[in-house]
Asks: 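Supplied in structure tokens, the structure appears directly below.
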Amino acid sequence: MLTRSIVLIGLTGSGKTTVGKRLSQQLDCPFVDTDEVVSETAGLAVREIFEREGEPAFRALESNALEAIFADATPKVIAAAGGVILAEQNRRSIKDSHSHVVWLDAQPRNLLKRISIGSHRPLLDDNPGATLMQMSIERRALYSDLADLRVDANGRDINRIVKIVFNYVSAQGAS
Ligand code: S3P
């Protein structure tokens, strides 16, 4: 049984949702995605929030979503959207939650090959390659500082990543 939550962090397209869902099945615990909580709370798709209210409003909703997720103490697997780590308040909440923080680390050029442009990623509408590169430069140190475990997510082998995280959490005596 999982005793502490797992927070998956990393750039958009690094596999947080796919890995998170698979892990939650294996660990028999709930799965939560911050984008989904934001969207459900606002009653709008992520893209619509960006378009109607702007990024600062989205970021505020995102912080609220994270607080709400941690307010429920049930251990779970949490996919934290790529930009969650930008706000100091969010980084503090993640640290204070004593979760296992796992960074799915992949190069922008590999992410570019597999993300779907459009959907919930309005920041990548224009020049996704350069934007991802810029995000990586700005965020790398934040992901690294927060992470207990860094997993190379450049390949497409989701099962391998799930196994690494599962083994890590098991070795910590938490499952
Ligand atoms: C964002 C990542 C997206 C979504 C929004 C902003 C970011 O989530 O929250 O488009 O700033 O990196 P994913 O990481 O799930 O793609």
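As the structure lists them, so they are numbered: ligands from 1, and atoms in each ligand from 1. For this chain, numbers begin at 1 and follow the sequence in order.
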Asks: Under a 4.0 angstrom heavy-atom cut-off, which atoms of ligand 1 come close to Phe58?
Replies: 9 (O)

Asks: Say whether Gly82, considering both its backbone and side-chain N or O atoms, lies within less than 3.5 Å of an N or O atom on ligand 1.
Replies: yes

Asks: In the protein, which heavy atom is nearest to atom 10 (O) of ligand 1, and how far is it?
Replies: His120 O, 2.6 Å

Asks: Closer than 4.0 Å to some heavy atom of Arg121 - which atoms of ligand 1 meet that?
Replies: 10 (O), 16 (O)

Asks: Name the closest protein heavy atom to atom 11 (O) of ligand 1, giving the residue it belongs to and the distance to 0.1 Å.
Replies: Arg59 NH2, 2.7 Å

Asks: For ligand 1, is any non-hydrogen atom under 4.0 Å from Arg139's backbone (N, CA, C, O), its side chain (CB onward), both, or neither?
Replies: side chain

Asks: For atom 16 (O) of ligand 1, what is the nearest protein heavy atom, given as residue, atom name and distance?
Replies: Thr12 OG1, 2.4 Å

Asks: Considering the heavy atoms of Pro122, write down every atom of ligand 1 situated less than 4.0 Å from one of them.
Replies: 10 (O)

Asks: Would you mind checking if Asp105 and Arg140 are paired as a salt bridge, meaning a charged N to carboxylate O distance below 4.0 Å?
Replies: yes

Asks: Should Arg47 be listed as contacting ligand 1, given a heavy-atom distance under 4.0 Å as the test?
Replies: no

Asks: What do the steps show when you test Lys76 against Ile78 for side-chain contact (heavy atoms from CB on, under 4.5 Å), and what is the final call?
Replies: CA-CA 6 Å; Lys76 49 182 107 51; Ile78 302 161; 3.9 Å; yes

Asks: Are any non-hydrogen side-chain atoms of Asp33 and Phe31 less than 4.5 angstrom apart?
Replies: yes

Asks: Can you confirm whether the side chains of Ser93 and Glu67 place a donor and an acceptor under 3.5 Å from each other?
Replies: yes

Asks: Starting from the C-alpha separation in whole Å, work towards a yes-or-no answer on side-chain contact (heavy atoms from CB on, under 4.5 Å) for Val7 and His100.
Replies: CA-CA 6 Å; Val7 181; His100 303 282; over 6 Å; no

Asks: I need the contact type for Leu123 against ligand 1. Using non-hydrogen atoms and a strict under-4.0 Å cut-off, is it side chain, backbone, both or neither?
Replies: side chain

Asks: With distance as the sole criterion, is a donor-acceptor pair present between the side chains of Asn159 and Arg22 under 3.5 Å?
Replies: yes

Asks: For residues Ser99 and Arg4, is any side-chain donor paired with an opposing acceptor at under 3.5 Å?
Replies: no

Asks: Could you check if a side-chain atom of Thr12 sits within less than 4.5 angstrom of a side-chain atom of Leu132, using non-hydrogen atoms only?
Replies: yes

Asks: Checking a contact table here: which protein heavy atom is nearest atom 1 (C) of ligand 1, and how many Å away?
Replies: Gly83 N, 4.2 Å

Asks: Do the charged groups of Lys16 and Asp35 touch, with an N to O distance under 4.0 Å?
Replies: no

Asks: Kindly confirm or rule out an N or O of Asp35 lying under 3.5 angstrom from an N or O of ligand 1.
Replies: yes

Asks: Glu36 near ligand 1, heavy-atom distance under 4.0 Å?
Replies: no

